[in-house]
Visitor: 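Please see the structure below; I have some questions.
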Amino acid sequence: MKKLPLSFYLRADVEQIAKELLGKVLVTNWGGAFTSGRIVETEAYAGEIDNASHASRGRTPRTEVIFGTGGTAYVYLCYGIHQMFNIVTNISGIPHAILIRGVEPMEGTGIMLQRTGKKKVDETLSRGPGNVGKAFGFHTSQCGFSLVGEELYIADDGFTIKPSMIGTSPRIGVDYAGDHADWHFRYFLKGNKYVSGKIR
DNA sequence: TCTATGATCCCCT
DNA sequence: GGGGATCATAGAT
């Protein structure tokens with residue numbers, strides 16, 4: 001498996017990066033607890049002009065990492081329960097981020113079951129951003145972590161997808177964002193059962 | 001200090 | 001298909 005280089009994350013086109021992340025392998029290795037899975041669903045958040053992004057409300061201590069340089073993790077606690085894992089992209093000063101919404105488990109499923117408290121591996125294990133965060137052991141304390149380190153990275157294992165396998169839709173849970181709620185910034189692998197929401 | 005709220009999920013009817 | 005869980009953050013007092 002080839003680890004994606006820092007340059008992958010520093011490009012300007014978030015939509016393109018969000019699309020290319022489909023089929024790649026997400027790896028976390030916190031203290032030797034190795035887990036990996038294939039990314040099947042992503043959402044792009046295009047910075048200050050995007051009303052759906054946290055960054056649109058300005059630069060704060062929490063959103064600081066999104067404004068930082070690409071290739072780092074932004075982990076956010078939602079509804080007091082769910083740890084959401086985001087990938088920061090673009091160069092410093094431009095707040096682009098990609099939310100990982102769905103992952104198909106590969107290695108370390110035993111560890112994931114332990115973390116989620118589930119009995120068996122099924123599609124609920126890592127479908128939806130909240131579950132991905134839980135299964136892969138993400139925590140808000142990991143905000144700002146590098147994506148090219150040993151504990152956290154994204155790899156290419158040679159798996160390729162055809163453009164016809166990629167579906168797009170408006171993003172989920174951001175209806176409040178006015179016109180931007182209609183942007184097709186959500187990307188997923190068609191038919192994959194680890195894709196959340198109704199449109200697969 | 002205090003309070004509202006959210007890029008969600010799960011269990012209950 | 002509806003509501004409760006549960007807490008860091010941000011903006012108001």
Side-chain angles (χ1 to χ4, degrees), chain A residues 9 14-15 17-19 21-22 26 37 39-68 70 72-90 94-105 112-145 147 154 167-189 192-200:
Chain A
Y9 306 100
V14 253
E15 295 178 68
I17 299 173
K19 243 181 286 188
L21 281 172
L22 292 176
L26 170 66
I39 297 169
V40 298
E41 186 181 0
T42 61
E43 268 182 19
Y45 285 83
E48 287 171 305
I49 56 156
D50 184 352
N51 287 328
S53 170
H54 290 159
S56 67
R57 291 172 203 267
R59 202 163 176 152
T60 66
R62 179 181 70 157
T63 60
E64 188 65 29
V65 59
I66 313 178
F67 284 86
T72 54
Y74 170 55
V75 186
Y76 163 63
L77 180 75
C78 191
Y79 295 94
I81 301 179
H82 305 290
Q83 320 280 342
M84 314 252 254
F85 169 55
N86 299 252
I87 293 168
V88 178
T89 68
N90 216 314
I94 302 177
H96 284 184
I98 297 167
L99 171 68
I100 304 300
R101 296 188 53 89
V103 173
E104 182 180 343
M112 296 186 199
L113 289 176
Q114 208 174 354
R115 284 176 181 152
T116 56
K118 291 181 187 297
K119 295 278 186 290
K120 61 182 173 60
V121 177
D122 62 17
E123 67 273 15
T124 67
L125 184 61
S126 58
R127 178 174 66 184
N131 293 330
V132 170
K134 218 190 312 183
F136 282 83
F138 282 106
H139 188 265
T140 51
S141 65
Q142 288 145 357
C143 212
F145 268 46
L147 282 169
I154 291 170
T168 69
S169 84
R171 290 167 297 184
I172 292 177
V174 292
D175 294 343
Y176 63 87
D179 295 343
H180 301 165
D182 294 331
W183 292 356
H184 280 46
F185 273 16
R186 172 171 173 256
Y187 302 98
F188 56 93
L189 291 185
N192 191 292
K193 60 181 181 173
Y194 288 92
V195 174
S196 68
K198 288 176 186 158
I199 310 170
R200 294 215 252 291

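Every value quoted in this text rests on a predicted model; they were computed, and no experiment measured them.
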Visitor: Taking the P atom in each of B/dA4 and C/dG4, what is the distance between them to the nearest angstrom?
Guide: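 Going atom to atom, P in each nucleotide, I get 16 Å.
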Visitor: Take A/Q83 and A/T140 through the side-chain contact (heavy atoms from CB on, under 4.5 Å) test and state the conclusion after the steps.
Guide: CA-CA 7 Å; A/Q83 320 280 342; A/T140 51; 3.5 Å; yes
Visitor: Measure CD/A/Q83 against P/B/dG6 and give the value in whole Å, please.
Guide: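 For the pair A/Q83 CD and B/dG6 P, the rounded distance is 19 Å.
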Visitor: Report which part of the nucleic acid A/N86 touches: base, sugar-phosphate, or nothing (heavy-atom distance under 4.0 Å, all strands).
Guide: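 Base, at least one base atom sits under 4.0 Å.
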Visitor: Between B/dC10 atom C1' and A/K119 atom NZ, what is the distance in whole Å?
Guide: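 Between C1' of B/dC10 and NZ of A/K119: 15 Å.
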Visitor: Mind listing the closest non-hydrogen atom pair of A/P129 and A/M84 along with its distance?
Guide: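 Nearest pair, atom of A/P129 first, then A/M84: CB-SD, 3.6 Å.
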Visitor: Quickly work out the A/L99 CG to B/dG6 P distance and round it to whole Å.
Guide: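 Taking CG of A/L99 and P of B/dG6, I get 17 Å after rounding.
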Visitor: Can you tell me how far C1' in C/dG3 sits from the matching atom in B/dT5, rounded to whole Å?
Guide: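 Each nucleotide's C1' atom is 16 Å from the other's.
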Visitor: Grab the stems for DNA chain B, please: at least three consecutive Watson-Crick or wobble pairs, both distances below 3.5 Å, written as range with range.
Guide: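 So the stems come out as B:1-6 with C:7-12, B:8-12 with C:1-5.
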Visitor: Main chain of A/A135, side chain of A/R115: is a donor-acceptor contact present, judged purely on distance under 3.5 Å?
Guide: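 Yes, because the side chain of A/R115 sits within donor-acceptor range (under 3.5 Å) of the backbone of A/A135.
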Visitor: Do A/T63 and A/T60 meet the criterion of a side-chain donor-acceptor pair at a distance under 3.5 Å?
Guide: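 Short answer, yes.
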Visitor: Count the heavy atoms belonging to other residues, nucleotides or ligands that lie under 6.0 Å from CD of A/Q114, then report whether that count exceeds 12.
Guide: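 It does not: A/Q114 CD has 12 such atoms or fewer within range.
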Visitor: Can you confirm whether A/I100 sits close enough to A/I87 that some side-chain heavy atom of one is under 4.5 Å from a side-chain heavy atom of the other?
Guide: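 They are in side-chain contact.
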Visitor: Give the minimum heavy-atom separation between A/E41 and A/L22, together with the two atoms involved.
Guide: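 Shortest heavy-atom separation between A/E41 and A/L22 comes out as N-CD2, 3.7 Å.
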Visitor: Taking all atoms of both residues into account, what is the closest heavy-atom pair of A/L147 and A/Y9, and its distance?
Guide: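 Closest pair (atom of A/L147, atom of A/Y9, distance): CD1-CE2, 3.9 Å.
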Visitor: Within this structure, what is the CD-to-P distance between A/E41 and B/dA7, rounded to whole angstrom?
Guide: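 So the CD-P distance, A/E41 to B/dA7, works out to 16 Å.
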Visitor: Okay, side chain of A/S126, backbone of A/V103: is any donor-acceptor separation there less than 3.5 Å?
Guide: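 Flag set: sc A/S126 to bb A/V103 pair under 3.5 Å.
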Visitor: Expressed as a whole number of angstroms, how long is the span from A/R57:CZ to B/dA7:C1'?
Guide: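 From A/R57 CZ to B/dA7 C1': 11 Å.
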Visitor: At 4.0 Å (heavy atoms only), tell me whether A/K118 reaches a base, stays on the sugar-phosphate, or touches nothing.
Guide: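 Since only primed, P, OP1 and OP2 atoms lie under 4.0 Å of A/K118, the category is sugar-phosphate.
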Visitor: Scan nucleotides 5-10 of chain C nucleotide by nucleotide, 5' to 3', and note B when protein non-hydrogen atoms come under 4.0 Å of the base, S if they reach only the sugar-phosphate, - if neither.
Guide: BBBSSS
